[in-house]
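This chain uses plain numbering: 1 for the first residue, then up along the sequence. Predicted model only: the values in this text are computed from it and were never measured. Counting starts at 1 for both ligands and their atoms, following the listed order.
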Amino acid sequence: MISPNLTPSFPSRLPQVGTTIFTVMSALATKHQAINLGQGFPDFPCDRDLIAKVNEAMLADHNQYPPMIGVAELRHGVSQKIQNLYGHHYDPDSEITITAGGTQGILTAILSCVSPGDEVVIIEPAYDSYRPSIELAGGKTIAVSLELVRDQHGHVSSYSIPWNALAKVIHAKTRLLIINTPHNPTGMVWQKADLDRLAKLLKDTSTLVLSDEVYEHMVFDGAHHHSVASHPELAARSFLISSFGKTYHVTGWKVGYVAAPISLTAEFRKVHQFNVFTVNTPMQYGLAAYLFDPSHYLNLPTFYQAKRDFFRAGLEQTQFKLLPTPGTYFQSVDYTALSIPEAKLPEADFCKWLTTEVGVAAIPVSAFYEQATESGVIRFCFAKQEQTLTTALQRLQAL
Ligand code: PMP
C-alpha cells in the first residue's frame, strides 16, 4: 500500500459523512450472526421469469449502450403504468428517464436544479441520501421534523406532517422541497388531502418538489398510494422518483426512473448524461418485458401485507409498542416500555445491544435525523421469509 503521506490532502466535500448506520448494523449483524432486520432488502429470491427475461435480452445481444434516456420499451411501459394508476400522461420521450436506481435519480434531480446557496427543505426523519446530495450541489438543507404523536404514557404512537413548520420555512424562493411517501422509516403515507394542502402551500412560490415514491406499490388495507402524478398542480412542479428494486425484489440491480415535466426533464438529462450517461441495457429490456404484466406490482400490497400482519401479530406478544404501518416494508416500534434496563438506552445503543445480545438487528430512527433526535423508536424491515421473521420474533418474544 502507498504511504498516505504521499497522497496530497484536500478539503472533504462531505466532511460530516462517515460510515452509515446501515453498514455498521449489517456488519455487526454478520459478526454476531444476528437476524438482519436492519437494512431494507428482501432475503427471498426474485421471480425466475424476470431473470429469464433479462437473460433473453442478453442472448438477443442487447449488450451495448442503450439510449441516454433509457430503452424506449421501458420508458413507454413506465408512462403507461403511471397513466393507468395515477391518471397523468408523461411523454415517454421527453418526460421519463431511466436511472441507476432511485438514489441516482435523487442526486441527479438535486444537482440539476439546486445552485450554490439555494434552500432545500427536507422532512426528518429522512432517507440518508437527501442531505449529502443537497450539500454536493452547494445547497442549504432546511430540515423540519415530522410531529410525534404520543399516547397517554408518552410513547410515540404515530407521526403527522408538520404543516406549521413547513409554512414557516418555505418562502417564495425556496428551490426545492423533498417529500417521501410511503415514508422510510416511519411507514407513514400521504393522503389526497395532504397533497391538496401541499399544493396550496406552494401555490405562490417557485418551489419545485422531489417526490420520492420508491415504495409506491406497498400501501396496505385497501388504501391507495397518492402520487404527485395524480395531482396536476403538483405534477407540474415535481420530479417523481421510483425504483424497480423495491417493486420487483431486486434491490441490487439499481434501476429506477424519474418522471418530470419537459422543462425539468431537460435539465435533469443535462446532468444525467454526464453523471451515468445511461443504465444497464439487458436489465432495462428484461424489466420492460416484465412490466408489461401489471399483476406483478398490483399483487404487491397483498404480498407485503401478509408479511406485515404476520410480523405485527408476533410483535404483539412482546412489550414493544407498535406504530401503525400503512405502507413500506418497515415496522417501527417504541421500545421504551420494555421492562429491562436496556430500555433506557439511546436508540443506537439499544440497536447495537439488540444485535449483539438478542441476535436481531434493527435501525435506530434517530439515524434519520441530522441532530440525533431520541424518540425511543427503532425500525425493523419485514421484507423477509416467514422463517426469518419467525426466528427473529422468537428472540424478541424472549425479552
Ligand atoms: N428512497 C428511499 C426512501 C429509500 O428507502 C431507498 C432505498 N433504501 C431509495 C430511495 C433508493 O432506492 P435505490 O435502491 O433504487 O437507489
Give yes or no for whether the N/O distance cutoff of 3.5 Å, strictly under, is met between [X] and ligand 1.
X: Gly102; result: yes
X: Asn180; result: no
X: Ser243; result: yes
X: Thr251; result: no
X: Asp212; result: yes

Nearest 0.5 angstrom please: Gln331 CD to Leu37 CG, how far?
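Here the interatomic distance stands at 11.0 Å.
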What's the separation between atom CG in Asp204 and atom CD1 in Ile170, rounded to the nearest 0.5 Å?
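That separation rounds to 12.5 Å.
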Which word best sums up how the rings of [X] and [Y] line up, parallel for under 30°, tilted for 30 to 60°, or perpendicular for over 60°?
X: Tyr127; Y: Tyr130; result: perpendicular
X: Phe44; Y: Phe303; result: perpendicular
X: Phe220; Y: Phe382; result: tilted
X: Tyr329; Y: Tyr215; result: perpendicular

Can you find a non-hydrogen atom of Tyr215 under 4.0 Å from ligand 1?
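Per 4.0 Å heavy-atom rule, Tyr215 contacts ligand 1.
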Those atoms of ligand 1 less than 4.0 Å from some heavy atom in Val214:
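The atoms of ligand 1 under 4.0 Å from a heavy atom of Val214 are 1 (N), 2 (C), 4 (C), 10 (C).
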Enumerate the atoms of ligand 1 whose separation from the nearest heavy atom of Gly101 is less than 4.0 angstrom.
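Heavy-atom distances to Gly101 below 4.0 Å select 15 (O), 16 (O).
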Could you check Glu370 against Arg131 for salt bridge (Lys or Arg N to Asp or Glu O under 4.0 Å), going step by step and ending with a plain yes or no?
CA-CA 9 Å; Glu370 169 75 354; Arg131 195 181 272 270; 3.4 Å; yes
Could you walk me through whether Lys53 and Glu56 pass the salt bridge (Lys or Arg N to Asp or Glu O under 4.0 Å) check?
CA-CA 5 Å; Lys53 287 184 161 47; Glu56 279 164 30; 5.8 Å; no
Should the proximity of [X] to ligand 1, defined as any heavy atom under 4.0 Å, be assigned to the side chain, the backbone, both, or neither?
X: Lys246; result: side chain
X: Lys254; result: side chain
X: Asn184; result: side chain

For atom 11 (C) of ligand 1, which protein heavy atom lies nearest, and how many Å away is it?
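Scanning the protein heavy atoms, the shortest distance from atom 11 (C) of ligand 1 goes to Thr103 OG1, 3.2 Å.
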